Amino acid sequence: MTGPIEELTGVITDYFDALYHCDTDLLQKVFHPKAVYATADESPLLHRTMDEYVPVVAARVSPASRSEARNDVIDEIQLAGDNTAFARVRCTMAGKAYVDFLTFVREDGRWRIMAKIFQMNAQAEGAA
């Protein structure tokens, strides 16, 4: 039997895989259909629904197809209760480093991302 931390780690791993491969089917499995995607890096604030976000990922050239090195890190996972959690994660794509704050809800026994709020840095550490 796995616990919530292991289950959340699995969802986060799938999240990283979905972004690396631009796998929109997997992306839609890890995100709740009503999830929010946002960043304050843009002005005005960028906010997307999943219906808006998924086509953006589908249109990307995947990091996997460019053989980009992966640098996926889970900094922390916090449980707020039986059905709510938070994770701070980092990844790199196209030479840019991202810090993502992911909030999760557990519905019908399944963890899914309900919100992704991220910060982008211009150059990833160690990026070529």
Side-chain angles (χ1 to χ4, degrees):
M1 177 183 258
T2 61
I5 298 296
E6 293 81 12
E7 292 169 4
L8 287 159
T9 299
V11 174
I12 295 167
T13 300
D14 287 346
Y15 164 74
F16 287 143
D17 288 345
L19 293 178
Y20 187 72
H21 295 283
C22 294
D23 182 339
T24 56
D25 290 334
L26 185 55
L27 194 71
Q28 290 176 91
K29 288 180 184 172
V30 299
F31 276 93
H32 190 281
K34 295 183 179 183
V36 172
Y37 168 97
T39 184
D41 281 344
E42 298 185 19
S43 184
L45 173 83
L46 174 66
H47 170 270
R48 291 187 172 132
T49 65
M50 286 302 97
D51 288 340
E52 295 165 327
Y53 177 52
V54 171
V56 170
V57 175
R60 290 180 185 159
V61 175
S62 74
S65 70
R66 294 189 304 260
S67 299
E68 285 186 21
R70 288 184 70 165
N71 185 23
D72 308 329
V73 178
I74 300 172
D75 288 326
E76 67 176 302
I77 298 173
Q78 297 179 13
L79 296 172
D82 293 338
N83 299 309
T84 308
F86 164 84
R88 181 186 192 276
V89 304
R90 293 178 284 132
C91 65
T92 58
M93 287 191 296
K96 295 178 181 169
Y98 295 87
V99 175
D100 298 344
F101 293 146
L102 306 174
T103 54
F104 294 83
V105 294
R106 186 171 173 259
E107 184 177 59
D108 299 324
R110 180 176 168 199
W111 289 102
R112 295 174 91 177
I113 300 167
M114 186 54 113
K116 170 184 175 171
I117 312 299
F118 70 95
Q119 172 75 41
M120 178 182 61
N121 298 321
Q123 181 66 33
E125 290 181 27

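In this text, all values refer to a predicted model and were calculated from it rather than measured experimentally.
- Cluster annotation: Val56 and Leu46 are assigned to distinct hydrophobic clusters (Ile/Leu/Val/Met/Phe/Trp/Tyr, side-chain heavy-atom contacts under 4.5 Å, transitive).
- The structure places CD of Glu107 at 7.0 Å from CE of Met114, a figure rounded to the nearest 0.5 Å.
- Annotation: the span from Leu27 atom CG to His21 atom NE2 amounts to 13.0 Å, rounded to 0.5 Å.
- Between Leu102 atom CG and Ile74 atom CD1 the span is 9.5 Å, to the nearest 0.5 Å.
- Remark: Ile113 CD1 to His32 NE2 distance equals 12.0 Å, nearest 0.5 Å.
- Considering every non-hydrogen atom in both Ser62 and Tyr20, the closest pair reads CB-O, 3.5 Å.
- Heavy-atom minimum distance, Tyr98 versus Met93: CE1-O, 4.1 Å.
- In terms of heavy atoms, Val99 sits closest to Arg90 at CG2-CG, 3.9 Å.
- For the side-chain contact (heavy atoms from CB on, under 4.5 Å) with Asp14, the lone residue among Thr9, Leu19, Asp23, Leu26 that qualifies is Leu26.
- In terms of hydrophobic clustering, with Ile, Leu, Val, Met, Phe, Trp and Tyr side chains grouped at heavy-atom distances under 4.5 Å, Val73 and Ile5 are assigned to different clusters.
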**Request:** Begin with the C-alpha distance, continue with both residues' side-chain angles, and end with the deciding distance and a verdict on side chain to side chain contact (heavy atoms under 4.5 Å, CB included) for Phe16 and Val89.
**Result:** CA-CA 10 Å; Phe16 287 143; Val89 304; 3.7 Å; yes
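- Here the CZ-NZ distance, from Arg112 to Lys34, works out to 11.5 Å after rounding to the nearest 0.5 Å.
- In plain terms, the two heavy atoms of Val30 and Val11 that are nearest each other are CG1-O, 3.8 Å.
- Atom CZ of Phe101 sits about 8.0 Å away from atom CD of Glu76, to the nearest 0.5 Å.
- Contact of the Val105 side chain with the Thr103 side chain is not registered, since no non-hydrogen atoms from C-beta on lie closer than 4.5 Å.
- Taking Asp72 as the reference, Arg70 meet the salt bridge (Lys or Arg N to Asp or Glu O under 4.0 Å) condition, with sequence neighbours excluded.
- At a threshold of 4.5 Å between non-hydrogen side-chain atoms, the residues Tyr15 and Asp100 count as touching.
- Annotation: ring pair (Phe, Tyr, Trp, His ring centres under 6.0 Å) contacts of Tyr37 (sequence neighbours excluded): Tyr53, Phe118.
- Pairing each heavy atom of Thr92 with each of Ala69, the nearest pair is OG1-O, 4.3 Å.
- Side chains of Asp41 and Gln119: a donor-acceptor N/O pair is present below 3.5 angstrom, by distance only.
- For the pair Glu68 (side chain) and Ala94 (backbone), a donor-acceptor distance under 3.5 Å is present.
- Linking ILVMFWY residues whenever their side-chain heavy atoms come closer than 4.5 Å, directly or via other members, leaves Ile117 and Ile77 in distinct clusters.
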